[in-house]
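By convention in this document, chain letters (A, B, ...) are assigned in the order of the sequence lines, proteins followed by strands, and residues within each chain are numbered from 1. Keep in mind that this is a model prediction, so the values were computed, not measured.
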Amino acid sequence: MHKRFDSAAIEKKWQEIWAEQKLYEVGERDTSKEKEYVLVELPYPSGNLHIGHWHAFAVPDIYVRFLRMSGKQVIYPMGFDAFGLPAENAAIKRNINPREWTESNIEFMKGQLQSMGASFSWDKTASTIDPNYYKWTQWMFTKFFENDLAYRGEAIVNWDPVDNTVIANEQVLADGTSERSGAVVEKKVMPQWMLRITKYADRLIDDLDNLDWPEPIKEAQRRWIGRSEGAEIDFKLSTGDTVTVFTTRPDTLFGATYMVLAPEHALVKQNKDKITNWDTVESYVKEAAKKDEQDRLNDTKEKTGVKLEGITATNPANNEEIPVYIADYVLASYGTGAIMAVPAHDERDGAFANKYNIKTVSVVYPVTGIPQENPEFRESIVAIVHNPKNDLYATINWKDPQKTLFVGGGIDSGESPEQAAVREIREETPCEHLELVSKTTTIEHSYFAHSKNVARKISAIGLLFTLTSSEETAQALEVDEADQFHFEWKDAQTIERELDDELHKTVWNMLVKKEVFTSTGKLMNSGEFNGMDSEEAKEAITKKVGGRMTSTYRMRDWSVGRQRYWGVPIPIVYDPEGKAHVVPEEHLPWLLPEDVDHKPTGEAPLAKSKELKERTEKIFGKGWTPEVETMDAFVDSSWYFLRYIDNQNDSAPVSTEAQKDWMPIDLYFGGAEHTTMHLLYSRFWQKALYDLKLVAHEEPYQRRINRGLILGPDGNKMSKSKGNVIDPDEQVKLVGGDSVKMYLAFMGPYGETANYPWDMGGIAGIRRFLEKVNGLHEHLADTEPESVTKQLHKTIAKLNDDIPVFKFNTAISAMMVFVNLAEKEGLSKESYRTFLTLLAPFATHLSEELWEQAGNTTSIHREPFPEANKELVKDDEVTIGVQINGKHRGEITIAPDASETIALVAAKADAQLAEKLGASEPKKVIYVPGRILNIII
RNA sequence: GCCGAAGUGGCGGAAUUGGUAGACGCGCACGACUCAAAAUCGUGUUCCGCAAGGAGUGAGGGUUCGAUUCCCUCCUUCGGCACCA
């Protein structure tokens with residue numbers, strides 16, 4: 001029966017009692033239980049919690065409580081990631097100290113967190129601005145510095161002109177603006193504090209394989225790191241310099257008809273004197289630099305560049321002299337900043353060569369590109385052949401020779417390709433039927449090998465070489481002189497129209513339309529490598545020209561220095577010669593000075609601190625100066641989960657004992673936005689610590705679950721300007737924390753990255769459900785119908801199934817079904833108690849209140865989670881669908897394990913079904929017990 | 001452009017070793033209670049059709065006794081990356 005309740009009073013009452021009893025503190029590790037470390041991303045104290053925080057923290061609490069009631073010792077910590085630009089900017093706006101602002105926010109947010117009624121392990125908390133925390137952040141940085149993982153290097157950095165600081169690559173959005181301020185990011189070359197994350201690139205990719213993470217997140221990290229396997233190859237310039245290029249396609253080296261340097265490439269300036277068109281070159285270089293600074297949105301289709309007159313390079317594969325260009329489509333910061341350009345097999349090079357009329361040479365032709373699962377098609381491919389004497393190309397289709405295409409020829413003689421080809425053929429074989437036996441002597445290697453071990457020698461069409469499509473060696477195969485082929489000549493348009501399979505289309509596009517073919521295949525026009533498979537040729541050609549197989553990465557080192565105030569001071573001091581030294585452990589924490597006007601001017605605020613300067617000289621001596629940059633806040637959050645589990649430790653960031661107790665993190669709930677930032681940084685950090693023997697695990701997070709976004713009621717992302725922001729405090733006031741939490745859990749499955757719009761009616765429905773639960777005791781009876789007991793056990797089973805896989809929505813739905821039934825049929829006191837414990841992880845306050853009202857003196861949250869009685873979960877009877885000829889025509893109710901005979905009898909007993917079935921005997925019966933009966937007549 | 005995820009009533013969603021499509025909730029309609037409204041309770045609610053019946057899980061095709069589920073082709077939406085050699 002529906003019965004209202006005062007959620008505010010109940011929730012406040014229990015929150016206080018729980019706090020007083022320290023009900024959710026974890027304390028020491030209890031080894032009689034299995035441990036479970038459930039982590040949620042610690043909040044940034046921006047002022048107040050938004051509804052997304054509820055979704056992030058309150059909903060996983062259901063899972064945490066379920067585990068705890070199921071007998072595990074669960075740690076579910078909460079803390080604050082409190083350094084960083086937003087707090088500093090907010091403080092500047094309000095003209096107060098960032099520390100004051102942040103700390104007051106933390107206090108306020110703690111109250112909000114309490115209103116969730118979640119079981120946070122408050123004895124295991126941490127705050128990144130606590131000197132006892134950042135002492136260890138600094139300490140680890142010094143270890144990194146000593147081990148060459150942190151270094152000061154020149155780098156092209158992203159400069160945010162509004163926040164007046166450098167930001168990381170990961171913080172630059174796709175449109176070239178800053179993730180922080182929204183300003184257009186500029187490129188600057190500056191000395192930077194960097195962390196050598198690239199050293200870990202391979203491990204960061206490879207170790208993903210062992211993690212229980214959603215595959216899309218892993219894939220996003222792999223792509224972000226962007227490992228490219230290829231080769232470095234040296235090209236000699238006519239100036240005597242050597243240019244190293246990076247390429248993923250060394251197999252196409254014979255097709256490298258020019259070379260491109262990035263405009264910023266050092267050799268450009270160095271050879272100023274030898275470049276005869278230096279003025280043009282110089283202005284292009286300047287233009288390119290400006291373009292880079294403006295924005296990277298400039299459409300990437302239009303390629304520009306300038307030829308370096310007076311300089312050539314030598315292609316090491318064929319010793320041909322090739323021109324050298326500079327072009328801004330080659331990036332200075334990727335690979336070696338120089339490329340070998342292969343216009344036939346790279347789209348960008350193709351576009352560039354087309355524009356500047358550079359020679360194009362095809363060196364790879366396709367053999368695949370055909371669906372693997374279509375063997376019939378594969379068999380039909382035979383080869384592409386080329387006669388360099390007359391530039392005639394042909395593709396031969398073995399199964400159906402009529403599909404053979406001839407392309408090219410006679411380009412220089414003014415003949416059309418068709419005319420030339422026909423002439424060629426006629427001259428060689430003056431008959432209509434081209435017999436595929438030796439008629440000419442120009443052919444050296446011209447074998448076709450059929451996949452069915454039938455070999456034929458083609459020698460009539462003036463083609464220099466052909467390639468086999470099977471493993472059979474050409475020499476071993478016999479010539480069958482009886483075979484004849486008839487080639488039908490068609491004009492180009494007809495041929496194009498009739499192209500009906502992928503290979504032929506590809507070849508046609510490549511050879512006739514001169515489109516760029518980027519796939520791998522087999523080699524041609526490549527000297528001794530002709531006919532070799534691309535993959536094989538990569539190594540072979542690299543080896544021949546003295547190159548090196550290597551990998552390069554999209555990801556750059558992590559720039560961590562910030563020219564701002566509100567962050568962890570980088571614990572480095574400089575001696576009078578300017579050499580960097582770490583601040584020794586006894587002087588840590590290296591405190592953030594207070595005597596600073598932190599307003600951003602572009603100069604680092606710490607440079608203005610007298611106290612910091614004096615401190616440095618006092619400790620290290622006269623002439624020593626402090627580093628004035630602070631650390632990116634992503635550094636702080638790269639290890640917080642380690643501090644949680646040993647937050648009182650004075651002698652180390654975290655003890656090995658605590659790690660043995662709790663690490664690794666069994667489950668990390670979080671948002672998709674951290675995929676390539678926090679999640680990558682902290683994995684790197686953990687690996688670096690691992691190599692320094694400071695942690696026991698190489699990966700911090702065993703399992704990761706990303707949640708979606710809560711949208712406004714209008715289906716849009718919540719924003720103040722749209723006026724669709726849902727304030728959690730207001731909602732809690734309206735319907736209570738239990739309802740807010742349950743509603744967020746009810747919207748949809750949690751483990752998928754789906755976004756759910758907030759629905760005012762929906763949350764009212766949850767509140768209504770809880771009010772029904774509140775009145776449920778009025779339906780108590782001495783005995784209950786078996787249907788109710790059975791439904792209860794089905795519900796128990798459902799919850800035990802659904803909660804571990806985060807399908808809280810269907811779990812709640814099952815409880816609703818039970819309550820609806822129990823209201824109608826009545827329920828026993830025992831069932832009522834059991835139901836309350838089912839509800840406890842969801843409606844933490846109300847279930848506790850009703851539990852107390854039912855006469856219990858200990859907390860419901862100490863109760864074990866119910867287990868279903870398997871006998872009671874089974875149904876005595878089921879209603880199954882009956883199909884006639886596959887169409888649903890009615891239903892019958894029978895025992896779940898009834899025999900086919902019984903099912904048929906039941907179907908015939910049904911008047912409607914009997915009529916449909918008529919008198920005829922069924923042709924076939926498909927009966928799946930408990931599921932379906934399908935009768936074919 | 002490339003990579004990834006997803007398309008089911010008016011809405012959020014449920015159902016996959018292939019077996020009654022639309023659980024549960026919202027919304028809506030009608031009824032009860034009320035002077036009235038709200039709240040609450042009851043009934044109904046995929047679409048077309050008075051009905052019998054038919055159609056139906058983004059579109060089209062295929063496999064199957066049977067497809068939201070498996071296969072092929074395509075479309076749309078969302079997310080990520082984007083001159084990365």
Side-chain angles (χ1 to χ4, degrees), chain A residues 1-4 174 214-224 226-228 230 245-249 252 260 262 296-303 327-331 333-342 345-349 351-352 371 373-374 552-556 672-673 675-676 708-709 711 715 743 746-749 752-766 768-769 771-772 807 809-817 820 823 878-892 922-936:
Chain A
M1 188 188 170
H2 185 267
K3 194 179 161 197
R4 289 154 164 277
E215 198 50 45
I217 304 175
K218 292 191 193 179
E219 198 47 39
Q221 286 207 351
R222 288 189 196 106
R223 288 180 66 85
W224 181 265
R227 173 163 62 193
S228 294
V245 304
F246 174 76
T247 176
T248 55
R249 293 296 301 277
T252 63
V260 187
R296 304 174 52 141
L297 264 184
N298 278 346
D299 80 320
T300 56
K301 300 279 174 286
E302 185 63 26
K303 304 268 177 295
D328 64 3
Y329 81 90
V330 172
L331 307 176
S333 53
Y334 183 80
T336 59
I339 63 160
M340 62 181 224
V342 185
H345 304 294
D346 181 283
E347 268 176 46
R348 294 150 302 174
D349 298 344
F352 190 85
E373 58 277 4
N374 190 345
T552 191
Y553 304 89
R554 205 193 78 105
M555 183 177 66
R556 308 290 144 73
E673 70 276 17
T675 302
T676 52
L709 233 52
L711 308 172
Y743 174 57
F746 188 59
M747 291 176 145
E752 292 168 22
T753 313
N755 302 330
Y756 303 114
W758 185 270
D759 174 24
M760 287 300 180
I763 190 167
I766 291 288
R768 204 170 300 146
F769 166 69
E771 287 175 348
K772 277 187 184 182
K807 287 164 82 173
N809 54 335
T810 47
I812 292 170
S813 155
M815 289 191 284
M816 287 172 167
V817 171
N820 289 343
E823 276 197 337
V878 285
T879 302
I880 67 169
V882 179
Q883 296 181 345
I884 295 170
N885 291 342
K887 289 247 180 218
H888 182 232
R889 294 297 181 192
E891 336 14 283
I892 52 172
K923 249 199 231 160
K924 192 178 176 189
V925 175
I926 293 122
Y927 173 59
V928 184
R931 295 287 189 183
I932 196 140
L933 175 67
N934 188 4
I935 304 164
I936 313 300

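In this model, the phosphate group of B/G25 is not approached by any side-chain N or O of A/N809 to a distance below 4.0 Å at OP1 or OP2. Taking side-chain N and O atoms only, A/R768 has no distance below 4.0 Å to OP1 or OP2 of B/A39. Side-chain nitrogen and oxygen atoms of A/R554 include at least one within less than 4.0 Å of the OP1 or OP2 phosphate oxygen of B/A82.
In this view, A/T810 and A/D802 satisfy the side chain to side chain donor-acceptor pair (under 3.5 Å) rule, not counting sequence neighbours.
Nearest-nucleotide assignment on RNA chain B puts the 5′-proximal partner with A/E891, out of A/E891 and A/S228.
Looking at heavy-atom distances under 4.0 Å, A/V817 makes contact with sugar-phosphate atoms alone, never a base. When heavy atoms are screened at a 4.0 angstrom cut-off, A/G765 is found touching the sugar-phosphate backbone but no base atom. Base engagement by A/F246 is indicated by at least one non-hydrogen atom pair under 4.0 Å involving a base atom. Nucleic acid contact for A/K807: sugar-phosphate only, since backbone atoms but no base atoms lie under 4.0 Å from a heavy atom of the residue. Within 4.0 Å of A/V925, counting heavy atoms only, lies no atom of the nucleic acid at all.
Of all nucleotides listed (B/C3, B/C65, B/A23), B/C65 comes nearest to the side chain of A/I936. Side chain of A/Y329, nearest nucleotide from B/C83, B/G25, B/A82: B/C83.
Distance A/E771 CD to B/C41 C1': 14 Å, rounded to the nearest Å.
Between A/Y329 and A/F352, the ring-plane angle classifies as tilted under the 30° and 60° cut-offs.
Residue A/M747 holds its CE atom at 8.0 Å from CG of A/D759, rounded to the nearest 0.5 Å.
Environment of CZ in A/R222: crowded, with over 12 heavy atoms of neighbouring residues, nucleotides or ligands closer than 6.0 Å.
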